[in-house]
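In what follows, a structure is listed as structure tokens, so that the remarks can point back to it.
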2 protein chains.
Amino acid sequence: MKLIDMYARLKSDIHYIEKELEAQIRNEHRMLNDASLHLLKAGGKRIRPVFVLLAAEFGDYDMERLKYVAVPLELIHMATLVHDDVIDDAETRRGKLTVKSKWDNRIAMYTGDYIFAKALHMVTELEEVEIHQILSKAIVEMCIGEMEQIRLFFHTEQSIYDYLLRIRRKTALLIAISCQLGAIAAGAPRDTVRRMYRFGYNVGMAFQIRDDVLDLCGTEKEIGKPPGSDIRQGNITLPVLYALQDEAVRPQLLEEIARIQSNPDQREITAFLNLLNQTDGVERAEALSSRYIQKAISALDPLPARKAKKNLIDIAYFVGNRSH
Amino acid sequence: MKLIDMYARLKSDIHYIEKELEAQIRNEHRMLNDASLHLLKAGGKRIRPVFVLLAAEFGDYDMERLKYVAVPLELIHMATLVHDDVIDDAETRRGKLTVKSKWDNRIAMYTGDYIFAKALHMVTELEEVEIHQILSKAIVEMCIGEMEQIRLFFHTEQSIYDYLLRIRRKTALLIAISCQLGAIAAGAPRDTVRRMYRFGYNVGMAFQIRDDVLDLCGTEKEIGKPPGSDIRQGNITLPVLYALQDEAVRPQLLEEIARIQSNPDQREITAFLNLLNQTDGVERAEALSSRYIQKAISALDPLPARKAKKNLIDIAYFVGNRSH
């Protein structure tokens, strides 16, 4: 896999970022609950810092500056994961909110707040106000995305545009600004900065669509959770919206969704998934994802042929085809 | 009441801040739940913006700049209120977490995140990076304060220092930086900036101690909730810590607290409050609050005799004596 070469090439810098991340989180570790340390230790691909580093190769690459965007971007991603887990956790305890779980939830909420604030505080070490603005604006948009997602739970009448706007805010924006801020922090030319944003935005859109497809088509082993978890919580994703456009299946599909809303058992989910597979919803979603990948790669066309360019293209293709 | 004169004097500027606050919150109003709009409409004293404006009178008073600190500071205060309500609300539903209340809670959480991010984004309109740093650092500290409060729930062995550090983070810091940032944004001399911080810090400490005293001694009518709500949720405040130092009452008091922890009924609370009133806990807490007020006022001593100085002294005395 080509990505392994890229990670090998950037190894020492990624390691450096990793240490900085740990320092930011560990600072007040006795207050941070297992969840967030666990999150850090669990690793993950650190794709946002990687985008920062690769984008910066089109300007003056200086880790002492880059870390002040790479670390905050990963912290923001982690904070959103912590907040996504709040209350969900309580739910697994059969809807009963014990005093303990109530405290756990509140601790998780404040841990997320703390990580957000740490991220925004760290970026103020760079004097460019534009960078502070881009980062805080992105968080505003991400919050709106999360609220929109909840507002539209089980809303089968939402448009494809609603969906795209939502994943733009929820996912694509943070990846877009990772590329953009890497280029800005490295003092890359303005046209390169714009192209980096465009690349990241399109990769991010493809990434989320692919994620939503996998939630419907992946096996439990591939995706690490039972398929259909999006629809279970009411999140209507692109393949489902396409499937609902199929008039032959639509009435039945609406019934299945209504059934899941009132009783989200695995049996209902399976019936829903079987029905969905009779449509071209997944196929059309995959086609749109591929179009985003093509757009992402086109954005890089005029850039000089550096290693970073090749790595970005490899990442884009990987995102388009990943199965986990 | 002298404070009325102060509010009358600043009326048009406070009104201007109010409009800006509304604009920030209303911007995406369809996603913001009733709770946060309700919070805005409920008003409140807007004491943080008032401190910004008064502190700015010791420099170049320019509302077009001041609003970029006054509004974010009030937004941060509002965001903390929204987050404080998360999950508490669910609890009133007898510990049952319905799908609806789960969504409400998550919306409230993201609304708080959104207001935080809006605040941090708005302040980036000012080019002074120092201001961004002070604000984001304060939020980091406030989050630690909230986590510490939860960690120390029902910990009767905590020290007075634990308590003071906690209310410093939870309350005093935001009031301190309101005064400090007002002075910085107005380009006041550095010594004035430091004095403003010290004034705000000491007023904030006195304010929180007074609040904690009222929770134990106020009537339901005065404080808008049944007395003893702090101890009910496990928050051990200064009068209780002082009372625990009274060896004659300590064993019984520990028993009462343990009883509240296992069964927080009003009967247990009343027994606890009666016992507390046999000690000098409240009296000693009030004495410490008065000392903070005196320190706050001393911090202003060398400053020129402006209207703002008189107003700040009036506010300090009001905070020291308020009964609601």
Side-chain angles (χ1 to χ4, degrees), chain A residues 28 30-33 79-80 83-84 86-88 90-91 93 95-99 102-103 105-107 109-130 132-148 150-151 153 233-234 261, chain B residues 28 30-33 79-80 83-84 86-88 90-91 93 95-99 102-103 105-107 109-130 132-151 153 234 261:
Chain A
E28 303 282 347
R30 80 189 158 132
M31 265 92 57
L32 293 173
N33 67 343
T80 63
H83 274 188
D84 285 352
V86 172
I87 301 161
D88 266 359
E91 199 196 18
R93 297 171 202 190
K96 270 281 190 183
L97 206 57
T98 61
V99 174
K102 184 187 118 190
W103 290 355
N105 265 311
R106 294 194 72 147
I107 287 278
M109 185 174 69
Y110 290 120
T111 301
D113 290 359
Y114 169 86
I115 299 175
F116 268 131
K118 273 274 181 186
L120 284 157
H121 185 238
M122 193 174 176
V123 82
T124 62
E125 291 292 324
L126 296 177
E127 74 280 11
E128 291 100 324
V129 172
E130 184 193 13
H132 311 176
Q133 286 173 340
I134 289 170
L135 200 66
S136 54
K137 184 74 184 6
I139 301 179
V140 171
E141 290 291 322
M142 288 169 72
C143 294
I144 297 175
E146 293 287 355
M147 289 189 273
E148 273 296 272
I150 296 168
R151 188 178 70 86
F153 273 166
Q233 66 171 333
Q261 185 167 15
Chain B
E28 304 282 349
R30 82 192 157 132
M31 264 92 58
L32 293 172
N33 66 344
T80 63
H83 275 188
D84 285 350
V86 171
I87 302 164
D88 267 357
E91 200 197 15
R93 295 170 206 194
K96 270 279 191 185
L97 206 57
T98 61
V99 174
K102 186 186 118 193
W103 290 355
N105 265 312
R106 294 193 73 145
I107 286 277
M109 186 176 68
Y110 290 120
T111 302
D113 291 358
Y114 169 85
I115 298 176
F116 268 130
K118 273 274 182 185
L120 284 157
H121 186 240
M122 193 173 176
V123 81
T124 61
E125 291 293 324
L126 296 177
E127 74 279 13
E128 291 99 325
V129 172
E130 185 192 13
H132 311 176
Q133 286 174 338
I134 290 170
L135 200 66
S136 53
K137 185 71 183 359
I139 300 180
V140 171
E141 290 291 320
M142 287 169 72
C143 293
I144 298 174
E146 293 286 356
M147 289 188 274
E148 273 296 272
Q149 174 162 319
I150 296 168
R151 188 178 70 85
F153 274 165
Q261 186 169 13

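In this text, all values refer to a predicted model and were calculated from it rather than measured experimentally. Hydrogens, waters and symmetry mates are skipped; everything else that's a heavy atom, side chains included, is used. Chain letters run A, B, ... following the sequence lines, proteins first, then strands; residues in each count from 1.
Within the 4.5 angstrom heavy-atom criterion, no atom of A:Glu130 approaches chain B. For B:Glu128, no part sits under 4.5 Å from any heavy atom of chain A, backbone or side chain.
Shown here are the side-chain contact (heavy atoms from CB on, under 4.5 Å) partners of B:Thr124, two or more places apart in sequence or in another chain: A:Val129, A:His132, A:Gln133, A:Ser136, B:His121, B:His132. Partners of B:Lys137 by side chain to side chain donor-acceptor pair (under 3.5 Å), not counting sequence neighbours: none found.
Considering CE of A:Met109 and CZ of B:Arg106, their distance stands at 12.5 Å, rounded to 0.5 Å. Considering OH of B:Tyr110 and CD1 of A:Ile150, their distance stands at 6.0 Å, rounded to 0.5 Å. Taken from CD1 in B:Ile139 to NZ in A:Lys118, the straight-line distance is 13.0 Å, to the nearest 0.5 Å.
Of all the heavy atoms in B:Asp113 and A:His83, the pair that sits closest is OD2-ND1, 2.7 Å.
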